[in-house]
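This report refers to the structure that appears directly beneath it.
In this chain, residues are counted from 1 in sequence order.
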Amino acid sequence: MSKRVVLGLSGGVDSAVAAYLLKEQGYDVIGVFMRNWDSQLNNDILGNPTNDNDICPQEEDYNDAKAVAECLGIPIKRVDFIKEYWDHVFTYFLDEYRKGRTPNPDILCNKHIKFKAFLDFAKTLNADYIATGHYAQVKHYQGADSVMLKGLDNNKDQTYFLCQLNQQQLQNSLFPLGEIDKTEVRRIARELNLPVADKKDSTGICFIGERDFKEFLQNYIPAQAGKMVDIETGNVIGDHSGIMYYTIGQRKGLGIGGPGDAWFVVGKDYDKNVLYICQGDQKDWLYSTGALITDVNWIASTKPIDKIACNAKFRYRQPDNPIQLEFIDEDTVYLTFDKPIKAVTPGQAAVFYDGDICLGGGTIETVYKDGQPIKYL
């Protein structure tokens, strides 16, 4: 009897080709379309370019997912996780922005929705596995830990966003696209005449979509303008439109002209509502030598006892950075960078690797320079 795989069928080309590959491998495939956001219910008005559309983007995606399922001859179901998304992803997202930090909702969405709520739903359909269109690899071993590796397509590898998966989630998961690249995905889709073969990839906030971000946040958090201050001189250089709109290392969108090098965001004083900037990106303000990482998920069932050498990414698609990692309690690690790293930002994710193996990840809590915490990060 074929093993059953319940696949997240999003209406995009990646999950469509994933469904085809699973069928080719002999699995009994059921597609499930997840609806996780309701613009009207969630007051998603400002910054939403689709308010006047005859049909909302999620319904368009559902129609595409149904067309793919019909083309491939697989059943499709629809499930709503709107409350779960709001409670476990979006409220955290807003809370972090209120603190002036920059969270990553895709990581939380994978942890709580795609590999928790969706997995629980799939089990009611007697699933042996769930599957998604992520570009990652998973190796399953009888009686041992499952291991997650980077996808073959380096440009599309999505293990950064999957760093919070635990063993139970990973052991129940398949990633059919892990060993092919995006060009091959498009080729397969066109060869099969899939209705989404040339559909553009989705962008924007996970399950919410493209938004004018400043306006979107104003639906939920009042903007509070303040001063931009040169951290070297203490001079006021201009005004900012709200600390939450800026990230460490940001260059564009500051609205500062004039001669000389470009200006960069280097810090925030949330209590005083001051955005600190400096001119030129090679100055020490943007560089750090260590970081405290909290809420660490270690994918293997045992954690290292001693300090280990490995690599870390602090942003998606960032090159691997050599570091030393040491657990200081059950879910907190301290990282020592082999060389100073630019724009490591509290609230964002640090993800750890041993070669192509993803070891896990956590949230950047405090950033250090020469053993001292950097005050305005």
Crowding at [atom1], [X] (>12 non-hydrogen neighbours, <6.0 Å):
| X | atom1 | answer |
| --- | --- | --- |
| Lys83 | NZ | no |
| Ile305 | CD1 | no |
| Glu184 | CD | yes |
| Arg187 | CZ | yes |

Decide yes or no on side-chain hydrogen bond (donor to acceptor under 3.5 Å, both in side chains) for Thr132 and Lys114, but give the supporting numbers first. CA-CA 8 Å; Thr132 65; Lys114 294 180 183 176; over 6 Å; no

Between Phe327 and Trp298, how do the two ring planes meet: parallel, tilted or perpendicular, split at 30° and 60°?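 Plane angle over 60°, so perpendicular.
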
Check the orientation of Trp86 and Trp37. Use parallel for under 30°, tilted for 30 to 60°, and perpendicular for over 60°.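 Geometry flag for Trp37 against Trp86: parallel rings.
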
Do side-chain atoms of [X] reach the backbone of [Y] as a donor and acceptor pair under 3.5 angstrom?
| X | Y | answer |
| --- | --- | --- |
| Tyr220 | Asn42 | yes |
| Tyr245 | Phe213 | no |
| Asp61 | Gly11 | no |
| Gln169 | Phe115 | yes |
| Gln137 | Lys150 | yes |

Taking the six-membered ring for Trp and the full ring for Phe, Tyr or His, determine whether the centres of [X] and [Y] are under 6.0 Å apart.
| X | Y | value |
| --- | --- | --- |
| Phe314 | Phe337 | yes |
| His112 | Tyr92 | no |
| Phe118 | Phe121 | no |
| Tyr276 | Trp285 | no |

Quick one, Asn48 with Phe216, criterion side chain to side chain contact (heavy atoms under 4.5 Å, CB included). Give me CA distance, side-chain angles, the key distance, then yes/no. CA-CA 7 Å; Asn48 187 343; Phe216 174 72; over 6 Å; no

Less than 4.0 angstrom from a charged side-chain N to a carboxylate O is my criterion; do [X] and [Y] meet it?
| X | Y | value |
| --- | --- | --- |
| Lys99 | Glu365 | no |
| Arg190 | Asp198 | yes |
| Lys3 | Asp28 | no |
| Asp157 | Lys313 | no |
| Asp295 | Lys111 | no |
| Lys375 | Asp269 | no |
| Arg4 | Asp128 | no |
| Asp38 | Arg35 | yes |
| Lys199 | Asp64 | yes |

Tell me, with the steps shown, if Lys182 and Asp201 meet side chain to side chain contact (heavy atoms under 4.5 Å, CB included). CA-CA 11 Å; Lys182 185 71 179 200; Asp201 292 339; 2.8 Å; yes

For residues [X] and [Y], report the shortest heavy-atom separation together with the two atoms involved.
| X | Y | answer |
| --- | --- | --- |
| Asp14 | Gly133 | CB-O, 3.8 Å |
| Ala16 | Leu72 | O-CD1, 3.6 Å |
| Asn297 | Gln164 | ND2-C, 3.2 Å |
| Leu9 | Ile74 | CD2-CD1, 4.4 Å |
| Arg101 | Ile364 | NH1-O, 3.9 Å |
| Ser39 | Arg211 | OG-NH2, 3.7 Å |

To the nearest 0.5 angstrom, please state how far the CG atom of Asn273 sits from the CD atom of Gln224. 4.5 Å

Does Tyr160 have any ring pair (Phe, Tyr, Trp, His ring centres under 6.0 Å) partners at least two apart in sequence or in another chain, and if so, which? none

Could you go step by step and tell me if His140 and Leu174 meet the side chain to side chain contact (heavy atoms under 4.5 Å, CB included) rule? CA-CA 9 Å; His140 298 301; Leu174 299 175; 3.9 Å; yes

Is there a side-chain contact between Phe352 and Cys163 (heavy atoms, below 4.5 Å)? no

Does any non-hydrogen side-chain atom of Tyr85 lie less than 4.5 Å from one of Ile208? yes

Among Tyr353, Tyr135, Tyr316, the one residue meeting side-chain hydrogen bond (donor to acceptor under 3.5 Å, both in side chains) with Thr159: Tyr353

With clusters built from Ile, Leu, Val, Met, Phe, Trp and Tyr whose side-chain heavy atoms come within less than 4.5 Å, directly or transitively, what are the remaining members of the cluster of Tyr334, listed by chain and number? Leu292, Ile328, Tyr368

